[in-house]
Each structure stands twice: as structure tokens, then as C-alpha cells.
**Student:** 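Structure below; questions to follow.
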Amino acid sequence: MSQAQDRLDKIAKFANSTGFVYQGSGIYGGLANTWDFGPKGVMLRNNIKEAWRRFFITSRMDMVEVDANIFMNSRVWEASGHTGNFSDCMVDDKISKHRFRADHLIEDAIGIDVEGKSPEEITQIIRDNKIKNPITGQEADWTEARYMNMMFETNRDKIGNDPNQKIYLRPETAQGIFVNFKNAVQSERARVPFGIGQIGKAFRNEITPGNFLYRIVEFEQMEIEYFIAPPKTDEEWNQVFEEWKDLQFEFFTQVIGIKPENLKEKEHAQEKLSHYSKRTVDWEYNYPFGFNELSGLAYRTDFDLSQHQEHSGKDLSYRDPVTNEVYVPHVMEPTVGVDRLLMATMLDAYTEEELDGGDSRVVMKFAYDLAPFKIAVLPLMKKDGLAEKALELSQDLRAQGISADYDMTGSIGKRYRRQDEVGTPWCATVDYQTMEDGTVTLRHRDTMEQVGDGGRVKIEDLGSYLSSKSFQK
RNA sequence: GCGGGUAUCGUAUAAGGGCUUAUUAUCUCUGCCUUCCAAGCAGAUGAUGAGGGUUCGAAUCCCUCUACCCGCUCCA
């Protein structure tokens with residue numbers, strides 16, 4: 001096993017044992033590339049989503065949020081091109097075991113565009129032209145060209161399987177925004193430039209999923225479509241593009257707390273861009289298996305709205321209330337996968353520290369806002385009422401809206417380590433002095449040192465301590 | 001999906017067809033002890049991925065399924 005797989009395997013095992021991510025359908029032996037989020041995983045995930053929402057939407061006057069349905073009218077996917085592009089014919093070379101997209105294979109070999117051809121026709125073209133395996137350069141023994149639909153489909157027909165009632169689980173969330181563009185303009189009186197954000201699940205039946213949470217079949221996206229007036233110059237849209245790119249970087253490093261050196265910008269080559277995109281730049285994260293995509297930013301021009309305008313027959317143009325200019329807005333699309341971001345966050349926060357005395361500890365150095373628990377209340381001893389007092393204090397903190405954990409098993413040192421492992425920034429220890437003067441010791445995850453007046457903090461001050469900015473580190 | 005490999009308590013591991021009530025460590029839990037950074041002692045829970053076959057006897061051999069890992073594609 002490679003070192004990269006070791007590290008990925010380690011974080012997956014760690015995530016499982018600490019209650020962040022469990023294997024999907026575990027007791028039945030699992031189901032490929034599905035993962036369940038455990039209690040701490042849910043908290044971390046919610047915190048990540050809430051941080052995104054705050055940073056990109058609720059803190060701004062030019063953003064609104066929608067939550068579109070996973071099922072959409074099938075014509076949406078015709079308009080977006082998914083029923084065409086996401087269902088590619090594949091062929092295998094039985095000799096070399098290589099697999100190719102049939103359309104690419106044919107186009108590269110004999111320069112014919114097979115768009116719209118059936119699998120049978122494509123198979124025939126490959127055989128008639130005796131196309132060789134481009135990797136080996138040798139004769140190939142091709143399988144039949146087979147359809148591989150990336151979209152999960154189901155059927156609205158409750159009795160039979162009427163093809164007219166076939167529906168898809170959305171393979172991306174973006175279309176749910178575009179179809180609601182007109183609604184947002186009308187109900188929110190939104191004025192261009194403005195953006196619509198959305199957090200939601202999407203589903204893709206990937207050919208090669210894997211790498212823990214990197215490529216999974218059910219995933220969640222946090223996506224924005226930011227509508228602008230049709231740019232008159234390249235500089236004009238590029239400026240907006242750069243702003244969004246910087247915002248993404250700021251969000252990852254300042255809000256999520258990812259180390260800047262683990263992020264890399266990747267400009268997509270012009271010739272490899274999707275047909276609708278004028279420019280695409282990814283932020284890549286340094287996963288154990290190398291730098292790979294974390295987020296994307298694409299300038300999609302007016303492609304999507306125009307497509308929907310054409311297919312739906314509805315006018316999706318916008319009238320500028322000041323200039324009276326009428327146009328179909330162009331759009332910037334910054335998007336990030338929740339699951340990838342969660343994995344990157346965990347990888348980035350995961351720290352092993354050597355301590356004096358030779359032993360080591362694992363610390364999840366989550367940003368304060370992301371930590372599942374902000375504080376753990378620990379009784380120094382189980383007896384003499386300390387445990388009861390600590391439980392009561394945990395309950396009080398939760399009532400104040402502070403995510404507090406409580407742990408009374410094992411030695412105090414062991415419990416500190418456990419909290420370090422799940423990234424809890426603060427530990428409050430209830431000891432005998434607590435019973436006398438109502439103070440606790442407050443210890444921080446990163447420094448392992450106690451804070452407060454003489455190392456002690458009054459119970460009633462805990463809430464304000466934790467809500468003060470200087471303590472949210 | 002195709003090819004190759006793998007599958008034993010939560011985790012890491014032992015058991016060359018019978019010596020197995022499946023080993024050891026760790027984790028988890030209980031009790032004792034313990035006044036702040038993975039202490040100690042005593043005890044407990046917990047596994048041969050699922051199904052079938054060969055055999056007097058299967059964790060071990062065979063088949064099917066499932067999952068995982070490595071390649072081939074792709075891009076949140």
C-alpha cells in the first residue's frame with residue numbers, strides 16, 4: 001500500500017473511531033462510495049455549511065439563497081446538456097484492458113464527430129475503421145460501445161416503468177438556481193449584479209469513485225450563481241472573476257482555516273474548457289493523493305439562462321431598472337463540495353504532536369467556529385458530587401447555546417487527549433475548589449495551558465469567555 | 001464495468017484441515033485506587049464479510065455474492 005493510501009486510510013479510520021464519518025450501510029458490509037456522518041461529523045458539516053452561508057450569503061446585501069428540489073423536470077437536463085454529455089459511450093480494449101470514451105477515440109483516430117449516434121452505430125464505426133488502441137498503438141479487441149449514464153434515474157410511474165415518467169436525481173445543483181432566476185428577481189426585487197446561493201445534494205454514478213470522501217456518488221455542493229450585466233470587455237468580467245477567486249481563497253484560509261500552502265490555483269487550459277465556459281480556475285487542495293480539485297470557479301457567460309430560455313420558451317431576460325437596458329445576464333459560478341471541504345478540513349486540522357516524556361497526542365486544530373464541541377466539562381474525580389456538578393454545568397452551557405461535551409470516564413489526562421482528538425478548543429475541569437467557590441480551570445487545546453485569574457474562571461463567566469473573540473481561537 | 005489483489009473483536013494482529021472455549025495488544029465498559037495531561041490493579045463486552053459446497057472435522061480448500069485496495073476514465 002502506498003504512503004498516500006496509508007495516510008488516507010488513517011484519516012478514514014480516525015474519522016470512524018472518533019464519530020465523524022462511518023462507512024455507509026456498515027453492518028451489511030457497506031455500499032461502495034457511500035459514507036454516513038456520525039455525530040461529530042454532522043456538527044462539523046453543519047458548522048462548515050453555516051460558515052459558508054454566513055461568509056457568502058447572509059453577510060452580504062447582494063446575495064439570496066434558494067433550496068431547489070432534487071427532482072427536476074427532465075427537460076431541465078436536456079437544456080443543460082446533461083442527458084447528452086453525461087451519458088457517454090465507453091469501449092474497452094479486451095487485450096490491454098484500457099477503457100476509452102468512444103467519441104474521443106473516434107474523433108482522435110479518424111476525425112469524425114459521432115454526436116447523436118447510437119451505441120450500435122458507434123461500435124460499427126470503430127470496427128469498420130479498425131481503430132487501434134491509442135495508448136499501446138497496437139491492434140485492439142474492442143467490446144461493444146456501451147452507454148454509461150452518470151445520472152441516477154428513477155421513475156415517477158408507480159405501477160410500470162413508463163419511459164415518459166422517467167426522472168433523474170440532479171447531477172448538479174446549478175440548474176435549480178437557473179430555473180429560479182426569474183422568481184428571485186421578482187419576489188426579492190433583486191437587481192443585477194446579484195447572486196443566488198444554494199447548498200444541496202447532487203448525485204453522480206461515477207465510473208471511478210473513491211479516495212474516501214473525494215469522489216462519492218451522493219455529494220453536497222455549495223454553489224453560487226452570480227449574475228452580472230453582459231461585460232463589454234474581457235477586463236470587465238475578468239475583474240469580477242478575480243474578485244470571486246480571492247473570496248474563495250479568503251474563505252478557505254481565513255474562515256475554514258486551511259493552511260495557504262496546501263492550496264493551489266489551477267487554471268483550466270482554454271482548449272479543455274467546457275463549451276459554455278470562457279474561463280475556469282480551480283482551487284486545489286493538497287490531499288494525500290496529491291493536489292486535486294477542492295473548488296471551482298467558472299465564467300459561464302449567458303449559456304445557462306439562454307439554454308433555459310430556448311428550451312422552456314420563457315423569457316429569462318432582465319430589464320435594468322435604471323438604464324432600461326434588456327439583456328440575458330452573464331454568470332460567475334463559484335462552487336465547492338461540502339464533502340471535499342470537510343475532508344480537506346479534517347486533513348488540514350489533523351496534527352500529531354510529540355510531547356515531553358516521549359508520548360504523543362493527536363490534535364484536530366479546527367477553527368473555533370468549526371469545532372463540533374466548543375468546550376468539554378470534565379469532573380476531576382467521579383466521586384464526591386464532582387461528576388454531578390460537571391454534568392449540570394454541561395447542561396447549563398448547552399442551554400446557553402454553547403456546544404458542550406461531558407466526559408467522566410478514565411483519568412483526567414486521558415479525557416484531555418480525547419477532546420484534543422476531536423478538536424474541542426476548551427476543557428473546563430470541575431474540582432474540589434469548584435464546590436467551594438464556583439470556579440473551574442479552563443485549559444486550551446493548542447497550548448495545553450490554563451487561563452483565567454490564577455488559572456481559574458468563574459462558572460457564570462464561562463459563557464461570556466467563550467463568546468469573546470479573543471477566546472475563539 | 002474490466003483486470004489484479006484482499007477480507008479474523010471498534011482498531012492492529014495470531015492460528016502450516018483436528019491441539020480453538022479462535023491469540024495478543026489497544027480501545028470501550030464496570031469496580032477499586034487516584035486532587036489536572038494516554039498511571040496501576042481486578043473484571044466484563046466484543047471477531048472469522050454473507051451464502052453454499054468438499055470433509056468425520058473448515059478461519060484454513062472450492063464456488064457464488066458483497067465490500068475494500070491497485071490500475072483504466074473524470075472534475076464538486
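So that the names make sense, note that chain A is the first sequence line, chain B the second, and so on, each numbered from 1.
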**Student:** Could you state the atom-to-atom distance from OH of A:Tyr214 to C1' of B:U73 in whole Å?
**Tutor:** 13 Å

**Student:** Distance check: side-chain N/O of A:Arg204 vs OP1/OP2 of B:A76, anything under 4.0 Å?
**Tutor:** yes

**Student:** Charged N to carboxylate O below 4.0 Å: is that the case for A:Asp420 and A:Arg445?
**Tutor:** no

**Student:** Quick one: A:Leu263 CG to B:A76 C1', roughly how many Å, whole number?
**Tutor:** 15 Å

**Student:** Any N or O donor-acceptor pair linking the side chain of A:Arg415 to the base of B:C37 at under 3.5 Å?
**Tutor:** no

**Student:** Sequence neighbours left out, what passes ring-ring contact (aromatic ring centres under 6.0 Å, His included) with A:Tyr432? Give chain and number order.
**Tutor:** none

**Student:** Does a side-chain N-to-carboxylate-O contact under 4.0 Å join A:Asp431 and A:Arg456?
**Tutor:** yes

**Student:** Can you tell me if A:His444 and A:Gln450 form a side-chain donor-acceptor pair at under 3.5 Å?
**Tutor:** no

**Student:** Can a donor-acceptor pair under 3.5 Å be found between the side-chain atoms of A:Arg215 and the base atoms of B:C74?
**Tutor:** yes

**Student:** Classify the ring geometry of A:Phe152 against A:Phe203: parallel below 30°, tilted from 30° to 60°, perpendicular beyond 60°.
**Tutor:** perpendicular

**Student:** RNA chain B in dot-bracket, Watson-Crick or G-U pairs under 3.5 Å, [ ] crossing, | other strand?
**Tutor:** (((((((..(((.....[.....))).(((((.......)))))....(((((..]....))))))))))))....

**Student:** Rounded to the nearest Å, what distance is computed from the CD atom of residue A:Gln198 to the P atom of nucleotide B:A76?
**Tutor:** 15 Å

**Student:** Check this for me, if you would: do A:Arg415 and A:Asp407 make a salt bridge, where the nitrogen-to-carboxylate-oxygen distance has to be below 4.0 angstrom?
**Tutor:** no

**Student:** Could you list the residues that satisfy ring-ring contact (aromatic ring centres under 6.0 Å, His included) with A:Tyr350, not counting sequence neighbours?
**Tutor:** A:Phe14

**Student:** Applying salt bridge (charged side-chain N to carboxylate O under 4.0 Å, His left out), name anything that partners A:Arg417, two or more places apart in sequence or on another chain.
**Tutor:** A:Asp359

**Student:** When the ring centroid of A:Phe55 is compared with that of A:Phe251, is the distance short of 6.0 Å?
**Tutor:** yes

**Student:** Between B:A76, B:U35, B:C37, which nucleotide gets closest to the side-chain atoms of A:Glu293?
**Tutor:** B:A76

**Student:** Take the protein atom NE2 of A:His444 and the nucleotide atom C1' of B:C36, then report the distance between them rounded to whole Å.
**Tutor:** 17 Å

**Student:** Can you check whether A:Val430 reaches A:Ile459 side chain to side chain, under 4.5 Å on heavy atoms?
**Tutor:** no

**Student:** Hey, are A:Thr301 and A:Arg279 close enough side-chain-wise for a donor-acceptor pair under 3.5 Å?
**Tutor:** no

**Student:** If you assign each of A:Lys382 and A:Glu421 to its closest nucleotide in RNA chain B, which residue comes earlier from the 5' end?
**Tutor:** A:Lys382

**Student:** Looking only at atom P, what distance separates B:C63 and B:U54, rounded to whole Å?
**Tutor:** 15 Å

**Student:** A:Gln419 has an atom CD; how far is it from atom P of B:C36, in whole Å?
**Tutor:** 19 Å

**Student:** Identify all pairs in which a protein N or O lies below 3.5 Å from an N or O of nucleotides 11-13 of chain B, and state each distance.
**Tutor:**
| from | atom 1 | to | atom 2 | distance (Å) |
| --- | --- | --- | --- | --- |
| B:A12 | OP1 | A:Lys13 | NZ | 2.3 |

**Student:** Report the residues that fulfil salt bridge (charged side-chain N to carboxylate O under 4.0 Å, His left out) with A:Glu65, sequence neighbours left out, ordered by chain and then residue number.
**Tutor:** A:Arg53

**Student:** When we call it a touch if two heavy atoms are under 4.0 Å apart, what does A:Gln450 touch: a base, just sugar-phosphate, or nothing?
**Tutor:** base

**Student:** Mind checking salt bridge (charged side-chain N to carboxylate O under 4.0 Å, His left out) for A:Arg45 and listing every partner two or more places apart, or none if nothing turns up?
**Tutor:** A:Glu220, A:Asp339

**Student:** Base, sugar-phosphate, or nothing for A:Leu378, non-hydrogen atoms under 4.0 angstrom?
**Tutor:** nothing

**Student:** Side-chain N or O of A:Lys383 versus OP1/OP2 of B:U34: is the shortest distance under 4.0 Å?
**Tutor:** yes

**Student:** Expressed as a whole number of Å, how far does the C1' atom of B:U28 sit from that of B:U35?
**Tutor:** 26 Å

**Student:** Take atom P in B:U60 and the same atom in B:C41, then report the distance between them in whole Å.
**Tutor:** 37 Å

**Student:** Take atom C1' in B:U48 and the same atom in B:U8, then report the distance between them in whole Å.
**Tutor:** 4 Å

**Student:** Considering only atom P, compute the distance from B:G4 to B:C62 and round it to an integer number of Å.
**Tutor:** 15 Å

**Student:** Between the protein and nucleotides 44-47 of chain B, list every N/O to N/O distance that falls short of 3.5 Å.
**Tutor:**
none

**Student:** In this structure, how many angstroms lie between the P atom of B:C70 and the CZ atom of A:Phe289, rounded?
**Tutor:** 10 Å

**Student:** With P as the reference atom in both, quote the distance from B:C69 to B:A12 in angstrom, rounded to an integer.
**Tutor:** 13 Å

**Student:** Using the P atoms only, state how far B:U23 lies from B:G16, rounded to an integer number of Å.
**Tutor:** 14 Å

**Student:** Listed by chain and number, what are the ring-ring contact (aromatic ring centres under 6.0 Å, His included) partners of A:Tyr226, not counting sequence neighbours?
**Tutor:** A:Trp244

**Student:** For A:Tyr287, check ring-ring contact (aromatic ring centres under 6.0 Å, His included) against everything at least two apart and list the hits.
**Tutor:** A:Tyr214, A:Tyr285, A:Phe289

**Student:** Counting side-chain heavy atoms from CB outward, which of B:A76, B:C36, B:C75 is closest to A:Ile216?
**Tutor:** B:A76

**Student:** Which nucleotide, B:A76, B:C68, B:C37, lies nearest any side-chain atom of A:Gln23?
**Tutor:** B:C68

**Student:** Roughly how many Å is it from CH2 in A:Trp52 to C1' in B:A76, rounded to a whole number?
**Tutor:** 12 Å

**Student:** So, using salt bridge (charged side-chain N to carboxylate O under 4.0 Å, His left out) as the criterion, who are the partners of A:Lys201 when residues are at least two apart?
**Tutor:** A:Glu218

**Student:** Pick out the pairs of N or O atoms, protein on one side and nucleotides 26-29 of chain B on the other, that lie under 3.5 Å.
**Tutor:**
| from | atom 1 | to | atom 2 | distance (Å) |
| --- | --- | --- | --- | --- |
| B:U28 | OP1 | A:Arg418 | NE | 3.1 |
| B:U28 | OP1 | A:Arg418 | NH2 | 2.8 |
| B:U28 | OP2 | A:Lys414 | NZ | 3.4 |
| B:C29 | OP1 | A:Thr409 | OG1 | 3.3 |

